[in-house]
Amino acid sequence: MLIFDHQGNPLRSARAAVNGTRLHYRMGGSGEPVVLLHGVPKTGYHWRHIVPLLTPNYTVVVPDLRGLGDSFSAEEGYDTVTLSEDIAQLMDSLGHREYRVVGEDWGAATAYQLAARYPDRVRQLVYQEALLAGFGWEDTTHLTRSNVSQGSFVFHLGFFFKPDVPELLISGHEREFITWWLKNEAYNVDALTAEALDEYVRCYSSPGSLRAMLSIYRASLDDADSNHLAARTPLDIPVLAVGGQFAIGADTERQMREVARDVRGIVLATGHQVAEEAPAETAAAYLEFFRTLPSS
């Protein structure tokens, strides 16, 4: 599925051999590089509305995470340390030594690890609508009256951790499951168009993609250990924490203040799918944040 820049030109689509796998990515625009990392059950197509608002001033790189979208499936390597290394090597292969990183959901967790592991390369971090393993992620899995009544009960983590059963129950029902999941987490459900849902279903119905998605969740205990270790050295780079008012909200900023020194936060009137529900406001927040850093 094509993503277009501000002039209506499709981004270049390609694959790169990195870190023992092959990542699909799209790239376009001009200026300093910005990497956009999607979560699940999404692909780089999640950023289709944001891209043309950035390409007038920035070179935008939009990868599909390992095993997802049109990236190749791999047998292992779905923890966020490995996912972040994929992106570091991709950017090296494209000739970008320094860059900004924007991540949402699991892409945000990956972006955090990328910034923690490569503080000399990541100039700014946007951490959007994510629960960082080891910093509150686990609490949302508790079956409590408060979690259920507030809509913050992340039931699917425990479900996804069970080997084989999710594959059995979701396979053949990817459309029903993904549509319900994404719309359940959204505030403006009309923002999730049939075209976007078709693209996500296409990708997560392809061989290996469902296993890859589940493997990301199943690595979260290791991610918690990696995040605690990384947090011993707080990030020095500027961080923008973006939350959806009807989803994770201000808790994105709370998490980042536990792992970074220079944090500012913003909460937009959306659910979890911020970039799809309010793209103009989301991109404006990014651009304002980016302008606080002098050009390299």
Side-chain angles (χ1 to χ4, degrees), residues 21 23-24 37-46 63-84 86 103-110 113 129-144 147-148 150-186 189 192 196-227 247-248 271-273 276:
T21 189
L23 291 189
H24 172 251
L37 301 179
H38 67 88
V40 299
K42 291 159 278 189
T43 70
Y45 192 65
H46 174 75
D64 289 332
L65 295 181
R66 169 184 292 239
L68 306 182
D70 287 305
S71 290
F72 279 28
S73 180
E75 289 297 318
E76 56 186 8
Y78 293 98
D79 59 284
T80 54
V81 169
T82 303
L83 295 175
S84 71
D86 292 347
E104 67 94 26
D105 190 73
W106 280 106
T110 299
Q113 273 295 331
E129 268 298 299
L131 293 165
L132 194 64
F135 290 86
W137 163 241
E138 299 77 10
D139 294 342
T140 64
T141 68
H142 299 163
L143 182 58
T144 65
N147 277 352
V148 172
Q150 294 176 22
S152 56
F153 175 44
V154 182
F155 84 94
H156 53 280
L157 176 59
F159 172 51
F160 288 171
F161 250 88
K162 183 65 176 176
D164 303 324
V165 176
E167 289 91 332
L168 171 69
L169 297 178
I170 298 172
S171 295
H173 299 281
E174 290 89 352
R175 179 171 300 278
E176 295 88 344
F177 187 71
I178 288 172
T179 300
W180 174 84
W181 185 2
L182 290 175
K183 290 201 171 187
N184 183 64
E185 293 181 336
V189 295
L192 298 168
L197 291 169
D198 285 347
E199 175 66 0
Y200 299 150
V201 170
R202 175 189 74 83
C203 291
Y204 283 88
S205 301
S206 64
S209 291
L210 179 58
R211 178 184 57 80
M213 181 196 79
L214 295 169
S215 295
I216 290 174
Y217 280 85
R218 290 165 181 167
S220 62
L221 295 178
D222 292 332
D223 289 338
D225 293 339
S226 299
N227 291 336
I248 297 173
H272 186 53
Q273 320 305 341
E276 294 185 273

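Along the sequence shown, residues carry numbers from 1. Since we're looking at a predicted model, the values are computed, not measured. FYI, side chains are in, hydrogens and waters are out, and symmetry mates aren't considered; it's all heavy atoms of this structure.
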Assess whether atom CD of E176 is packed by more than 12 heavy atoms of other residues, nucleotides or ligands within 6.0 Å.
yes
So do C203 and H24 actually touch side chain to side chain, heavy atoms under 4.5 Å?
no
Could you give the distance from OH (Y45) to NE2 (H38), rounded to the nearest 0.5 Å?
14.5 Å
Backbone N or O of A74 within a donor-acceptor pair of the R211 side chain at under 3.5 Å?
yes
Apply the test side-chain hydrogen bond (donor to acceptor under 3.5 Å, both in side chains) to residues E185 and W181: give CA-CA distance (whole Å), side-chain angles for both, the deciding distance (0.1 Å), then the verdict.
CA-CA 6 Å; E185 293 181 336; W181 185 2; 3.1 Å; yes
Minimal non-hydrogen separation, A247 against G271, with atom names
CB-C, 3.6 Å
Any donor-acceptor N/O pair, E138 side chain to G134 backbone, under 3.5 Å:
yes
OG-CG distance between S84 and L37, expressed to the nearest 0.5 angstrom:
9.5 Å
Here's a test for you: under ring-ring contact (aromatic ring centres under 6.0 Å, His included), which of Y78, W106, F159, F161 qualifies with Y217?
W106
What heavy-atom pair brings A133 and D223 nearest, and what distance separates the two atoms?
CB-CB, 3.9 Å
Separation between NE2 (H46) and CG (D64), nearest 0.5 Å, reads 12.5 Å
Are H156 and V154 close enough, and set up right, to give a side chain to side chain contact (heavy atoms under 4.5 Å, CB included), and what steps lead you there?
CA-CA 6 Å; H156 53 280; V154 182; 3.4 Å; yes
I want to check something: taking the side chain as every heavy atom from C-beta on, are T21 and S71 in contact at a cut-off of under 4.5 Å?
no
Verify side chain to side chain contact (heavy atoms under 4.5 Å, CB included) between F160 and I170, making sure each step is shown before the conclusion.
CA-CA 10 Å; F160 288 171; I170 298 172; 4.1 Å; yes
Mind checking the CG-CD spacing from D105 to E129? Nearest 0.5 Å is all I need.
8.5 Å
May I have the step-by-step check of side chain to side chain contact (heavy atoms under 4.5 Å, CB included) for Y204 and V40, ending in yes or no?
CA-CA 10 Å; Y204 283 88; V40 299; 3.5 Å; yes
To the nearest 0.5 Å, tell me how far E76 CD sits from R66 CZ.
8.0 Å
L83 versus G77, closest heavy-atom pair with distance
CD2-O, 3.8 Å
Mind checking whether F177 and H173 have ring centres under 6.0 Å apart?
no
Check this for me, if you would: do E104 and K42 make a salt bridge, where the nitrogen-to-carboxylate-oxygen distance has to be below 4.0 angstrom?
yes
Quick check: closest heavy atoms across S73 and P207, and the distance to 0.1 Å?
CB-O, 4.4 Å
Quick one, L182 with H272, criterion side chain to side chain contact (heavy atoms under 4.5 Å, CB included). Give me CA distance, side-chain angles, the key distance, then yes/no.
CA-CA 8 Å; L182 290 175; H272 186 53; over 6 Å; no
Value for CG (D222) from CG (D79), rounded to nearest 0.5 Å, stands at 6.5 Å
Do R202 and D70 meet the salt-bridge criterion of a basic N to acidic O distance under 4.0 Å?
yes
Which heavy-atom pair separates Y200 from T43 by the least distance, and what is that distance?
CE2-N, 3.6 Å
Side chain R218, main chain K162, donor-acceptor under 3.5 Å:
yes
Whether E167 side chain and D164 backbone form a donor-acceptor pair below 3.5 Å
yes
